[in-house]
Amino acid sequence: MQRRTFFQSALVAAAGLNSIAAAAKPVSTKYLSAPEPGSLYVIGPVEGYSPQIGTIVSMLNYNRSTIIGATKGMTMEQLDHLHDAKSNSIGSLIMHLGAVDKFYQLNSFDGRDLTEAEKKIWEDAMELGEKGRKNIKGKDLKFYIDLITEVRDRTLAEFKKKDDAWLLAVDPKFGDGKTPFNTYWKWFHVCEHESNHRGQIAWLKKRLPGAKDTDE
């Protein structure tokens, strides 16, 4: 798995944000109330997790709920449909979300990459492209949702064992070894990555054969 290659192309842009972040002023919290327990629409600490980790968890929960909502009721034919010769199927994109979650899970909690056995499950979903188009198909929605839920359940369980100091710590071995990345960034990236592919899923869904015109 060469996911780090992707990061290297973004290092210059990421480093450029440092000066902007340094100039930002803290936001006053005196007008903020405690988040409502269990609400998907309140981003903030979650019971059972340290404050910063809980905030990440609240974002992960919201993003995942939108993925489940966007794909609810989809048939195998719809999940396998390819819009064109270079597109990814909706099914492969769902599995891709699980693959990225798995990668950061192993990286963050176990300090390792995927084993050969794990690659047989996740490599095509991680890479997508021709392998994904060829090999990720013929599965119903329950298969994909169960698979990514199993991964996320372990992620959430492991988060309960960690604290904010762990989340904020910089990983000197991550990326190109020159630009600092902390664990918080890794899981923020999992959040934004899921949001990005939710947009792709919505775009593809509207272009399925026989799809109704909606505002989605």
Side-chain angles (χ1 to χ4, degrees), residues 1-67 96-114 118 122 126 148-198:
M1 307 302 294
Q2 297 299 321
R3 190 165 180 81
R4 293 180 185 82
T5 303
F6 166 79
F7 298 128
Q8 291 174 1
S9 65
L11 291 179
V12 174
L17 295 175
N18 290 343
S19 59
I20 298 174
K25 295 181 179 180
V27 177
S28 172
T29 59
K30 69 177 182 178
Y31 299 113
L32 300 181
S33 58
E36 180 183 345
S39 173
L40 287 172
Y41 306 104
V42 176
I43 300 301
V46 174
E47 185 177 355
Y49 301 92
S50 62
Q52 296 281 6
I53 291 178
T55 299
I56 286 287
V57 168
S58 69
M59 291 188 280
L60 290 171
N61 288 344
Y62 173 78
N63 279 339
R64 182 53 55 84
S65 74
T66 63
I67 295 295
H96 178 66
L97 299 178
V100 171
D101 198 333
K102 185 73 173 181
F103 172 87
Y104 282 100
Q105 178 189 101
L106 296 176
N107 176 271
S108 299
F109 305 124
D110 302 330
R112 65 173 178 87
D113 207 337
L114 275 71
E118 289 165 338
W122 297 108
M126 182 70 82
I148 66 173
T149 299
E150 181 181 355
V151 175
R152 180 57 57 81
D153 285 348
R154 193 213 164 193
T155 292
L156 297 180
E158 292 296 328
F159 272 144
K160 289 185 177 182
K161 304 173 186 178
K162 303 297 183 180
D163 58 21
D164 287 348
W166 169 85
L167 187 70
L168 296 170
V170 170
D171 182 351
K173 298 180 181 179
F174 195 77
D176 63 358
K178 298 178 182 178
T179 302
F181 289 86
N182 66 357
T183 306
Y184 208 143
W185 181 89
K186 296 177 187 180
W187 289 98
F188 165 76
H189 176 61
V190 174
C191 290
E192 65 167 351
H193 175 266
E194 197 145 324
S195 296
N196 174 56
H197 287 300
R198 182 181 69 236

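Start at 1 with the first residue, then count along the sequence. All heavy atoms count here, side chains included; hydrogens, waters and symmetry mates do not.
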### Message
I'd like to know if the side chain of Gln105 and the backbone of Arg154 have a donor-acceptor N/O pair within less than 3.5 Å.
### Response
no

### Message
Measuring only between side-chain heavy atoms, which start at C-beta, is Thr55 closer than 4.5 Å to Ile43?
### Response
yes

### Residue from Phe103, Trp166, Tyr104 passing ring-ring contact (aromatic ring centres under 6.0 Å, His included) with Phe109
Trp166

### Query
Once you round to the nearest 0.5 Å, how far does CG of Leu114 lie from NZ of Lys102?
7.0 Å

### Message
Nearest 0.5 angstrom please: Ser58 OG to Tyr49 OH, how far?
### Response
11.0 Å

### Query
Could you go step by step and tell me if Val151 and Trp122 meet the side-chain contact (heavy atoms from CB on, under 4.5 Å) rule?
CA-CA 11 Å; Val151 175; Trp122 297 108; 3.5 Å; yes

### Asp110 side chain vs Arg112 backbone, donor-acceptor pair below 3.5 Å
no

### Separation of Ile56 CD1 from Thr155 OG1 (nearest 0.5 Å)
12.0 Å

### Task
State, with a plain yes or no, whether a side-chain heavy atom of Asp101 is found less than 4.5 Å away from one of Ile148.
no

### Task
Please examine the side chains of Arg152 and Leu97, heavy atoms only from C-beta on, and report whether any two atoms are closer than 4.5 Å.
no

## Note on the structure
Correct closest heavy-atom pair for Phe181 and Gly175 would be CE1-CA, 4.3 Å

### Task
Please report the C-alpha distance between His96 and His193 in whole Å, then the side-chain angles of each, then the deciding distance to 0.1 Å, and finally whether the side-chain contact (heavy atoms from CB on, under 4.5 Å) criterion is met.
CA-CA 10 Å; His96 178 66; His193 175 266; 3.0 Å; yes

### Query
Quick one: which of Arg198, Glu194, His197, Glu192 gives a side chain to side chain donor-acceptor pair (under 3.5 Å) with Asn63?
Arg198

## Note on the structure
Sequence neighbours excluded, the answer for side-chain contact (heavy atoms from CB on, under 4.5 Å) partners of Asp171 is Asn107, Lys173, Phe174, Lys186

### Query
Residues two or more places apart in sequence or in another chain: which of them pass side-chain contact (heavy atoms from CB on, under 4.5 Å) with Asp164?
Ser50, Pro51, Gln52, Ile53

### Message
Testing the basics here: between Cys191 and Met59, what is the closest heavy-atom pair and its distance to 0.1 Å?
### Response
SG-CB, 3.7 Å

### Query
So do Leu156 and Asn61 actually touch side chain to side chain, heavy atoms under 4.5 Å?
yes

### Task
Decide if atom CD of Glu158 counts as having more than 12 heavy atoms of other residues, nucleotides or ligands within a radius under 6.0 Å.
yes

### Query
Is there a side-chain contact between Val46 and Phe159, using heavy atoms and a 4.5 Å cut-off?
no

### Task
Hey, could you give me the OH/CD1 distance between Tyr62 and Ile67, rounded to the nearest 0.5 Å?
10.5 Å

